[in-house]
Structures are given as structure tokens and as C-alpha cells.
Amino acid sequence: MLEEFQVELDGVPDQVPGGELRPDYNVAPTKNVYAVMCRVPKDDGGESPGDEPVRQLRVVRWGLVPSWAKDPSVGSRMINARVETVAEKPSYRRALKSRRCLIPADGYYEWMPLEGRKKQPFFIHPADGGVLAMAGLYEFWKDPTRPDDDPLKWLCTCTVITTTATDKLGRIHDRMPMMVERDRWTEWLDPRVTDPTGLLVPAGPDRLEAYAVSDVVNSVRHNGPELVEPLEGDDVPRLF
DNA sequence: CCAGACGTTGTT
DNA sequence: GTCTGG
DNA sequence: CCAGACGTTGTT
DNA sequence: GTCTGG
């Protein structure tokens with residue numbers, strides 16, 4: 001991942017014992033995920049202040065907690081930001097200006113409504129097996145219950161921007177995460193770019209492939225490579 | 001002025 | 001923190 | 001998104 | 001039915 005996103009500063013070992021997150025096949029809101037972001041490194045007293053932003057890999061919690069929140073529980077509902085309204089929403093507009101990130105993923109799940117209240121989960125991923133770069137925002141929240149020297153004093157959280165799903169993917173669900181194409185990563189991440197609206201164009205879903213998976217994925221207690229195995233059988237919903 | 005919200009999804 | 005609604 | 005709780009007192 | 005937690 002450090003190579004794929006040309007990360008200059010690996011911030012993960014400072015945040016996670018062992019240096020990396022375990023593979024996760026069922027990422028739920030409030031869980032930790034990787035984020036690629038571009039920030040000016042903290043001035044640690046030595047060397048030059050270095051006001052150049054640097055591309056970093058960090059661990060953030062999914063579910064954005066606005067800086068003004070009284071407690072972090074609101075984050076569990078701030079898991080998506082609609083691209084149509086993200087620039088106006090009080091919870092997101094500040095982050096949109098200068099705290100944009102990329103959330104890497106092998107793919108994502110989407111639930112297709114069936115007859116009645118039933119739903120069929122699908123796994124959606126790049127046909128070429130490459131990594132997805134979902135458009136995200138991040139925010140810092142200062143925990144008032146912890147002392148200043150507590151490493152958990154600052155909570156960093158993120159949200160995923162969504163857009164209209166079209167074509168094949170629209171048959172599963174009308175919304176989908178927004179992707180950032182590789183040639184726009186640098187601009188998208190640059191905190192000095194304060195008007196990223198030109199970059200907010202839906203990525204073509206052409207290179208994405210979708211197949212039905214077991215509804216074992218519905219419960220966050222289940223987690224393993226079996227969750228992304230294609231569902232077998234004649235009655236499996238297809239997208240033709 | 002103060003109080004209260006601040007979000008998305010999908011379902012009826 | 002900032003906006004909306006009453 | 002889906003699953004699971006939805007409550008307090010006091011005890012192990 | 002609706003909210004919270006993962």
C-alpha cells in the first residue's frame with residue numbers, strides 16, 4: 001500500500017502495535033481503516049519546520065466525528081457524505097476544503113433489494129484486481145476526558161463520499177462510493193487546493209465487477225476471506 | 001435572542 | 001463552530 | 001450498511 | 001417502531 005500510493009511517511013507504526021491492521025473482510029462503521037492523506041508533518045523541534053505537505057498513510061476510524069462534537073458517538077452515523085450536498089453540510093464542508101483523503105479497499109459490499117424485505121449482498125471490486133481509492137474526508141476530534149499527554153487525546157475519523165450509481169451497479173443500488181482516479185490523487189489530497197469541486201466527477205464503473213456473496217456478511221461478527229467468495233447455485237441473483 | 005441540530009440509507 | 005428554526 | 005437492543009438495581 | 005453499536 002505504501003508503494004501503491006507512493007506514501008512518503010508511514011504513520012501507522014506509531015498508531016498500531018505491530019505496525020499494521022489485520023486484514024478485514026467486514027469493515028463496519030467505527031472500525032479502524034487505512035487512509036492516505038497529505039499533511040505538513042508535526043514540527044518535532046528539530047530540523048526545519050518544513051511547510052511542505054507530505055503524503056502519509058495513517059489509521060483512522062470510520063464515522064466522522066466533527067471537531068465540535070461533545071462526544072464521539074455521532075460518528076457512527078456520519079459514515080457517508082453525499083457529493084451533492086457535502087460542500088454545504090456543517091459536518092463536512094470544513095473537511096472538504098482541506099482534509100480530503102483516500103480510503104484504500106479491495107472492494108466494497110452493496111445490498112440489492114429483493115422481493116419483500118429481503119436483500120442480496122454483492123461484492124464489488126475492480127475487474128483487474130487492483131486497489132480502489134475511495135474519496136474520503138477526515139477530521140480530528142479532541143477528547144476532553146483525556147489528559148493532554150494521552151496518545152488517545154486526538155481521535156482521527158473519516159467518512160466516504162457517495163455518488164449516484166449508474167449502469168450495472170445502479171441495478172444493485174442507487175448509490176456508490178466515489179472513486180478518485182489515479183491521475184487525480186495528488187490534487188485531491190493537496191490541502192492547499194481548497195476548491196476540489198472540479199475533481200468530484202463520478203469515476204466510470206466500467207472497470208468494476210460485481211457478484212453475489214453469502215449473507216453471512218450481514219453480521220459484523222463474521223469476518224474472513226470466505227465472505228468474498230462468489231455465491232454458488234442456480235437461484236443466485238445475476239446482473240446479466 | 002436562545003436552543004438545537006449538525007447524516008445517509010431505504011421503507012412505508 | 002456555525003447555521004436554522006422558533 | 002445490518003443486527004440487536006429496547007432497563008435498573010445490586011450481585012457475582 | 002426506532003435507536004445504537006459494530
Side-chain angles (χ1 to χ4, degrees), chain A residues 16 21-34 59-101 103 105-125 132 134-144 154-166 169-179 194 200 202 208 210-224 226-228 231 237:
Chain A
V16 182
L21 297 177
R22 312 181 87 82
D24 197 335
Y25 298 86
N26 205 349
V27 179
T30 73
K31 291 175 86 177
N32 282 343
V33 295
Y34 289 116
V59 170
V60 300
R61 203 177 80 168
W62 184 25
L64 187 142
V65 179
S67 60
W68 38 261
K70 289 187 183 67
D71 72 88
S73 63
V74 288
S76 58
R77 282 166 291 153
M78 308 280 191
I79 59 174
N80 293 123
R82 294 176 63 91
V83 69
E84 298 92 334
T85 55
V86 65
E88 287 88 48
K89 295 295 182 183
S91 298
Y92 298 140
R93 60 190 171 194
R94 190 179 284 269
L96 179 70
K97 281 183 187 276
S98 61
R99 282 183 294 278
R100 300 176 296 275
C101 63
I103 315 288
D106 294 316
Y108 62 95
Y109 299 105
E110 207 70 89
W111 281 261
M112 182 170 74
L114 300 175
E115 292 280 311
R117 262 133 287 185
K118 293 192 197 308
K119 303 222 179 110
Q120 176 63 54
F122 282 78
F123 183 64
I124 300 162
H125 68 107
L132 286 179
M134 299 189 289
L137 306 175
Y138 65 93
E139 190 62 85
F140 291 101
W141 181 76
K142 189 158 87 168
D143 190 339
W154 289 92
L155 177 68
C156 190
T157 58
C158 73
T159 192
V160 174
I161 300 179
T162 61
T163 189
T164 304
T166 55
L169 296 179
R171 292 203 275 272
I172 300 174
H173 189 67
D174 63 341
R175 305 294 295 177
M176 66 181 282
M178 220 185 65
M179 311 299 168
T194 55
L200 295 177
L208 294 181
Y211 56 83
V213 295
S214 161
D215 60 10
V216 169
V217 73
N218 290 2
S219 173
V220 297
R221 288 175 297 149
H222 298 126
N223 198 331
E226 68 277 8
L227 298 185
V228 293
L231 198 60

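To find a chain, count down the sequence lines: A is the first, B the second, and so on, and within it residues start at 1.
Take the nearest nucleotide of DNA chain B for A/Met78 and for A/Gly116: the residue whose nucleotide is more 5' is A/Met78.
Residue pairs meeting the side-chain hydrogen bond (donor to acceptor under 3.5 Å, both in side chains) criterion with at least one member in residues 66-75 of chain A, sequence neighbours excluded: A/Asp71-A/Ser73. For residues 89-101 of chain A, every residue pair satisfying the side-chain hydrogen bond (donor to acceptor under 3.5 Å, both in side chains) rule, not counting sequence neighbours, is listed here: A/Arg99-A/Glu139.
For the segment residues 60-72 of chain A, the set of residues with a heavy atom within less than 4.0 Å of an atom of DNA chain B comprises A/Trp68, in numerical order. Listed in residue order, the members of residues 84-91 of chain A having a heavy atom less than 4.0 Å from DNA chain B are A/Thr85, A/Lys89, A/Pro90, A/Ser91.
Whole-Å rounding puts the A/Met112 CE to D/dC1 C1' distance at 16 Å. The distance between atom CG of A/Asn26 and atom C1' of D/dA3, rounded to the nearest whole Å, is 11 Å. If you measure from atom CZ of A/Phe122 to atom P of D/dC2, you get 14 Å, rounded to the nearest angstrom. Separating the CZ atom of A/Arg82 from the P atom of D/dC1 is a distance of 12 Å, rounded to the nearest angstrom. In this structure, CG of A/Asn80 is placed 13 Å from P of B/dG7, rounded to the nearest angstrom. We find that CD1 of A/Ile161 is positioned 14 Å from C1' of B/dG7, with the value rounded to whole Å. Nucleotide B/dC6 holds its P atom 18 Å from the CG atom of A/Leu137, rounded to whole Å. Summarising the geometry, the separation between CE on A/Met178 and P on B/dT8 is reported as 14 Å, rounded to the nearest angstrom.
Looking at heavy-atom distances under 4.0 Å, A/Asp174 makes contact with sugar-phosphate atoms alone, never a base. Using a 4.0 Å heavy-atom criterion, one finds that A/Tyr109 contacts no nucleic acid atom at all. At the heavy-atom level, A/Thr162 lies under 4.0 Å from the strands shown only through sugar-phosphate atoms.
Closest approach of A/Gly136 to A/Ile103, counting heavy atoms only: CA-CG1, 4.3 Å. Residues A/Ile172 and A/Ala210 come closest through the heavy atom pair CD1-CB, 3.7 Å.
Partners of A/Tyr108 according to the ring-ring contact (aromatic ring centres under 6.0 Å, His included) rule, which considers only residues two or more places apart in sequence or in another chain, do not exist here. Here A/Arg221 pairs with A/Ser219 under the side chain to side chain donor-acceptor pair (under 3.5 Å) rule; sequence neighbours left out. Scored by the side chain to side chain contact (heavy atoms under 4.5 Å, CB included) test, A/Glu84 finds A/Arg82, A/Thr164, A/Arg175 as partners (sequence neighbours excluded). Scored by the side chain to side chain contact (heavy atoms under 4.5 Å, CB included) test, A/Asp215 finds A/Pro121, A/Asn218 as partners (sequence neighbours excluded). A search for side chain to side chain contact (heavy atoms under 4.5 Å, CB included) contacts involving A/Asn223 returns A/Asp24, A/Tyr25, A/Asn26, A/Lys31, not counting sequence neighbours. Residues satisfying the side chain to side chain contact (heavy atoms under 4.5 Å, CB included) test with A/Ile79, not counting sequence neighbours, are A/Pro29, A/Trp62.
When the C1' atom is used for both D/dC1 and B/dG7, the distance is 14 Å, rounded to whole Å. Atom name C1', nucleotides D/dT8 and E/dG1: the rounded distance is 23 Å, in whole Å. Taking atom P in both B/dA5 and E/dC3, one finds a spacing of 12 Å when rounded to whole Å. For D/dC2 and B/dT11, the C1' atoms lie 14 Å apart once the distance is rounded to whole Å. Between D/dA3 and B/dT9, the distance separating the two C1' atoms is 16 Å to the nearest Å.
When the side-chain nitrogen and oxygen atoms of A/Lys119 are compared with OP1 and OP2 of D/dC2, one or more of them lie within a distance under 4.0 Å.
Relative ring orientation between A/Phe123 and A/His125 is described as parallel, the plane-to-plane angle staying below 30° on a 0-90° scale split at 30° and 60°.
A donor-acceptor pair under 3.5 Å is formed between the side chain of A/Thr159 and the backbone N or O of A/Asn80. The backbone N or O of A/Gln120 lies less than 3.5 Å from no partner atom in the side chain of A/Glu110, so there is not a single donor-acceptor pair.
Secondary-structure annotation of DNA chain B gives the stems B:1-6 with C:1-6, with a stem taken as at least 3 successive Watson-Crick or G-U pairs whose two distances both fall under 3.5 Å.
The CG atom of A/Leu64 lies 7.5 Å from the CE atom of A/Met78; values are rounded to the nearest 0.5 Å.
Residues A/Pro72 and A/Asp143 have side chains not in contact (no heavy-atom distance under 4.5 Å, counting atoms from C-beta outward).
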Expected string for nucleotides 1-6 of chain E under the B/S/- scheme (protein heavy atoms, under 4.0 Å, primed atoms plus P, OP1, OP2 as sugar-phosphate) is -----B
